[in-house]
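The structure appears right after this line, and notes come after that.
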Amino acid sequence: MTPHITLRAPEPDDVDRIFLWENDLAMAEAAVNGAPVSRLQVWNYVQTYTADPFGAGELRLIIEAGGRAAGHIDLIEVDARNRRAGIAIYIAPDERRRGLGAAALAEMIKYCRDRLDLHQVWAHVAVDNAASLALFRAVGFRPAGRLRSWLRRGGEWVDVVVMQYLRHTLPLTGGATAAASAGD
């Protein structure tokens, strides 16, 4: 059974949870910056949030399940000319293994296809992150290549698999039932 989720814009009530998520050490390993963020930085982000992915070049939506924030899903490097964007997802540790990631990814892909008219969505996934690779495959992403020594973890370099969803060649799977809303 697919869990009921809602994708929504970040709200001031989400600041404390976002602060915890952004400073999760496991997440820091996958992040480009990897530096801790302050609660004030999160507060300022939420206060100045824009739901225009083409203007901002990004879009963050909160994954809500059972009336509480369970994680977030982000579009990054949104490219209006080439109709593509990267995607990243974070599910809080206490919310994992409930199908929320697959439901949120499927819903975001529908949003990208139907509302943003994107041709493709891509993700970089560490080769040793079997759960994430399986998650992206489950909603229709396919491996498109490998980037060698792309992520640095401690003193070691890790390859990533470029996972890609192409709008016109792959069906959407995953069967999410939630409605995406980005403040419009």
Side-chain angles (χ1 to χ4, degrees), residues 5-12 14-15 18 21-22 27 30-35 37 41-64 69-91 100-126 129 132-133 135-148 150-151 159-184:
I5 58 106
T6 300
L7 301 181
R8 61 168 176 77
E11 297 286 347
D14 299 318
V15 168
I18 295 171
W21 299 337
E22 289 293 330
M27 184 177 168
V32 174
N33 183 355
V37 298
Q41 287 172 305
V42 174
W43 176 259
N44 288 337
Y45 172 80
V46 170
Q47 292 301 308
T48 61
Y49 175 81
T50 178
D52 175 12
F54 294 115
E58 64 182 16
L59 178 71
R60 169 167 286 183
L61 297 177
I62 299 297
I63 303 164
E64 188 173 284
H72 60 82
I73 190 163
D74 302 339
L75 292 181
I76 59 171
E77 298 180 32
V78 178
D79 181 341
R81 181 173 185 268
N82 293 298
R83 311 309 292 177
R84 67 177 172 234
I87 195 166
I89 186 168
Y90 177 84
I91 303 295
L100 301 177
L105 268 175
E107 197 60 36
M108 183 62 102
I109 292 299
K110 284 196 283 186
Y111 180 78
C112 289
R113 182 191 63 211
D114 299 343
R115 302 278 299 275
L116 301 179
D117 192 32
L118 295 184
H119 170 66
Q120 65 178 284
V121 180
W122 55 267
H124 291 167
V125 181
N129 190 341
S132 190
L133 288 168
L135 171 64
F136 280 96
R137 281 189 183 103
V139 296
F141 282 74
R142 297 293 175 258
R146 186 177 183 128
L147 300 170
R148 306 258 178 227
W150 197 256
L151 296 175
D159 293 358
V160 298
V161 177
V162 178
M163 299 296 289
Q164 187 178 40
Y165 175 88
L166 293 172
R167 173 186 178 152
H168 300 293
T169 59
L170 296 173
L172 175 66
T173 59
T177 59
S181 84
D184 50 23

- Note on the structure: Closest non-hydrogen atoms of Ile62 and Pro10, given as atom of the first, atom of the second and distance, are CG1-CA, 3.7 Å

- Which pair of heavy atoms, one from Pro53 and one from Leu59, lies closest together, and at what distance? CB-CB, 3.9 Å

- Could you list the residues that satisfy side-chain hydrogen bond (donor to acceptor under 3.5 Å, both in side chains) with Trp150, not counting sequence neighbours? His124

- For Leu135, side chain to side chain contact (heavy atoms under 4.5 Å, CB included) partners two or more places apart: Ile89, Ala102, Leu105

- Task: Identify the heavy atoms of Gly71 and Trp21 that sit nearest to each other, and give their distance.
- Result: N-CH2, 3.4 Å

- Query: Is a side-chain donor or acceptor of Arg115 paired with a backbone partner of Cys112 at a separation under 3.5 angstrom?
  - Reply: no

- Write down the atom of Arg142, the atom of Arg137, and the distance for their closest heavy-atom approach. NH1-O, 3.3 Å

- Query: Arg146: what forms a side-chain hydrogen bond (donor to acceptor under 3.5 Å, both in side chains) with it, not counting sequence neighbours?
  - Reply: Asp159

- Query: With sequence neighbours left out, what residues match Arg81 under salt bridge (Lys or Arg N to Asp or Glu O under 4.0 Å)?
  - Reply: none

- Query: Can you find a heavy atom in the side chain of Arg84 that is under 4.5 Å from one in the side chain of Glu77?
  - Reply: no

- Task: Go through the structure and list residues passing side chain to side chain contact (heavy atoms under 4.5 Å, CB included) with Asn44, not counting sequence neighbours.
- Result: Leu40

- Say whether, by atom type as modelled, one donor and one acceptor occur between the side chain of Arg167 and the main chain of Ile109 under 3.5 angstrom. no

- Check whether any side-chain N or O of Tyr49 sits under 3.5 Å from a backbone N or O of Arg60 as a donor-acceptor pair, and report yes or no. yes

- Task: Return the set of residues passing side chain to side chain contact (heavy atoms under 4.5 Å, CB included) with Glu58 (not counting sequence neighbours), or none when no residue passes.
- Result: Tyr45, Ala56

- Query: Any ion pair linking Asp14 and Arg8 (charged N to carboxylate O, less than 4.0 Å)?
  - Reply: yes

- Item | Between CG on residue Leu133 and CE on residue Met163, distance to nearest 0.5 Å | 6.0 Å

- So which of Ile63, Leu61, Val139, Leu116 actually passes side-chain contact (heavy atoms from CB on, under 4.5 Å) with Met108? Leu61

- Item | Side chain to side chain, Val160 and Val125, heavy atoms closer than 4.5 Å | no

- Taking all non-hydrogen atoms of both residues, which atom of Leu118 and which atom of Ala85 are closest, and how far apart? CD1-CB, 3.8 Å

- Query: Which atom pair, heavy atoms only, marks the closest approach of Val121 to Phe141?
  - Reply: O-CE2, 3.4 Å

- Query: Should Tyr165 and Ile87 count as side-chain neighbours, where that means a heavy-atom distance under 4.5 Å?
  - Reply: no

- Task: Kindly write out the residues that satisfy side chain to side chain contact (heavy atoms under 4.5 Å, CB included) with Ile76, not counting sequence neighbours, or none if the list is empty.
- Result: Asp74, Trp122

